[in-house]
2 protein chains.
Amino acid sequence: MQIIAGKWKSVIIYHLMAGTQRFNDLQKQMPDCSRRMLALQLHELQVDGVIQKKVYPVIPVKTEYSLTDFGQTLRPVITAMETWGNLYNQRATHQAAVD
Amino acid sequence: MQIIAGKWKSVIIYHLMAGTQRFNDLQKQMPDCSRRMLALQLHELQVDGVIQKKVYPVIPVKTEYSLTDFGQTLRPVITAMETWGNLYNQRATHQAAVD
DNA sequence: CCGTATCCCATGAGATACTG
DNA sequence: CAGTATCTCATGGGATACGG
């Protein structure tokens, strides 16, 4: 599952599951991920065919990211993670591991 | 999900889902993971409360690793990954991403 | 058998400044 | 707005050798 292994990839996919997002939308939802890292991981996800990027040639530029059909197949994996996270997020034990 | 984020952690958990394993058992099942890396990731999983280690004070030493109750709660996540992997492992496209 | 210690290089990732 | 470029330091991870 190298496809998800990147530190932020699963989070990006999670946010894109809610629908198309712009670069800044994603950044606001992941304040701990630097602009540089976000760009790098988005690029990798794109190369792996998980997400697609649409660029509108207006000024200033506008881009939109969304899941490809292939990326959509990852939904069950991400939702399994989310379900697990919801169960254990509020607990004191293992808090460091859950993050 | 830093708990699974380590390069080999999900694979270790996957193998331990089949039951208790010795260090060498795990190593044989993960030839691409060095002994050093295996030891490091096992230790982290132990610290995070995902797995437990039992050492038998015989010579030569014998150790056994198994999932804790907490570790067992990760089953749905790992099986979701496995299901996804089974679907896409054999396909030509995205092969690099699946790995 | 099951690790740890050390050395060393490759990659990761923040900060900052710049561009179409 | 949505990135790139560069510099720099931190971390990851292989190889090898050693230890209980």
Side-chain angles (χ1 to χ4, degrees), chain A residues 1-13 15-16 18-68 71 96-97 99, chain B residues 1-13 15-16 18-68 71 96-97 99:
Chain A
M1 293 292 287
Q2 293 306 91
I3 225 171
I4 282 186
K7 203 169 181 176
W8 298 103
K9 287 183 188 172
S10 54
V11 186
I12 293 172
I13 297 170
H15 288 305
L16 290 183
T20 299
Q21 307 272 346
R22 301 188 54 178
F23 190 88
N24 266 4
D25 295 337
L26 291 169
Q27 224 189 320
K28 281 171 200 158
Q29 294 172 90
M30 301 184 267
D32 293 344
C33 179
S34 67
R35 192 171 52 211
R36 174 193 142 95
M37 281 314 299
L38 182 54
L40 284 175
Q41 306 252 312
L42 282 170
H43 184 73
E44 283 183 39
L45 285 169
Q46 199 189 338
V47 168
D48 285 346
V50 175
I51 68 174
Q52 56 201 330
K53 175 184 182 176
K54 184 165 186 179
V55 181
Y56 297 87
V58 296
I59 296 181
V61 187
K62 169 180 169 182
T63 63
E64 284 182 348
Y65 292 92
S66 57
L67 292 179
T68 59
D99 272 346
Chain B
M1 294 292 287
Q2 292 305 88
I3 224 171
I4 282 186
K7 203 169 181 178
W8 298 103
K9 286 183 188 172
S10 54
V11 185
I12 293 172
I13 297 170
H15 288 305
L16 290 183
T20 299
Q21 306 271 347
R22 301 188 54 180
F23 189 88
N24 265 4
D25 295 337
L26 290 169
Q27 223 187 321
K28 282 171 200 160
Q29 293 171 91
M30 301 183 266
D32 293 345
C33 180
S34 68
R35 190 170 55 209
R36 175 191 142 96
M37 280 315 297
L38 182 54
L40 284 175
Q41 305 251 311
L42 282 170
H43 183 73
E44 283 184 39
L45 285 169
Q46 199 188 338
V47 169
D48 286 346
V50 175
I51 68 174
Q52 55 201 334
K53 174 184 181 177
K54 184 164 188 181
V55 181
Y56 297 88
V58 295
I59 296 180
V61 188
K62 169 180 169 181
T63 62
E64 284 182 348
Y65 292 93
S66 57
L67 293 179
T68 60
D99 274 346

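Chain identifiers are assigned alphabetically (A, B, ...) following the order of the sequence lines, protein sequences preceding nucleic acid strands; residue numbering begins at 1 within each chain.
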Margin query: Of the options dG20(C), dT4(D), dG20(D), whose atoms approach the side-chain atoms of Ala39(A) most closely?
Written below: dT4(D)
Checklist line | Length of the NZ-P vector between Lys9(B) and dG13(D), whole Å | finding: 10 Å
Next item on the list: Round to the nearest Å and state the distance from Asn24(B) atom CG to dG3(C) atom C1'.
Entry: 11 Å
Notebook entry, point to check: What pair of heavy atoms forms the shortest contact from Tyr56(A) to Val61(A), and how long is it?
Noted result: O-CG1, 3.9 Å
Margin query: Could you tell me if Gln21(A) and His15(A) have a donor-acceptor pair between their side chains, going purely by distance under 3.5 Å?
Written below: no
Check: Please give, in whole Å, the distance from dC2(C) C1' to Lys62(B) NZ?
Finding: 13 Å
Next item on the list: Rounded off to whole Å, could you give me the CG-to-C1' distance for the Asp32(B) and dG13(D) pair?
Entry: 14 Å
Next item on the list: Can you check whether any acceptor in the base of dT6(C) is under 3.5 Å from a donor in the side chain of Arg36(B), or vice versa?
Entry: yes
Next item on the list: Write down the distance between OH (Tyr56(A)) and P (dG3(D)), rounded to a whole number of angstrom.
Entry: 13 Å
Notebook entry, point to check: Does Val61(A) or Trp8(A) map to a spot on DNA chain C nearer the 5' end, using the closest nucleotide for each?
Noted result: Trp8(A)
Checklist line | Earlier contact from the 5' end, DNA chain C, for Tyr65(B) and Lys7(A) | finding: Tyr65(B)
Checklist line | Lys53(B) side chain near dG3(C) phosphate (N/O to OP1/OP2, under 4.0 Å) | finding: yes
Note to self: Check the phosphate of dG13(D) against Ser34(B), side-chain N and O only, distance under 4.0 Å to OP1 or OP2. Yes or no?
What the structure shows: no
Note to self: Whole angstroms only, please: what is the NZ-C1' distance between Lys54(B) and dC1(C)?
What the structure shows: 18 Å
Notebook entry, point to check: Can you find a side chain N or O atom of Arg35(A) that sits less than 4.0 Å from OP1 or OP2 on dA2(D)?
Noted result: no
Next item on the list: Using whole Å, report how far NE2 of His43(B) lies from P of dA5(C).
Entry: 11 Å
Note to self: To the nearest 0.5 Å, what is the distance between CE on Met37(B) and CG on Asp32(B)?
What the structure shows: 12.5 Å
Check: Do you know which of Ile13(B), Leu45(B), Thr20(B) makes side chain to side chain contact (heavy atoms under 4.5 Å, CB included) with Leu67(B)?
Finding: Ile13(B)
Note to self: Nearest 0.5 angstrom please: Leu40(A) CG to Arg35(A) CZ, how far?
What the structure shows: 12.0 Å
Item checked: Separation of atom CG in Leu40(A) from atom C1' in dA2(D), rounded to whole Å -> 13 Å
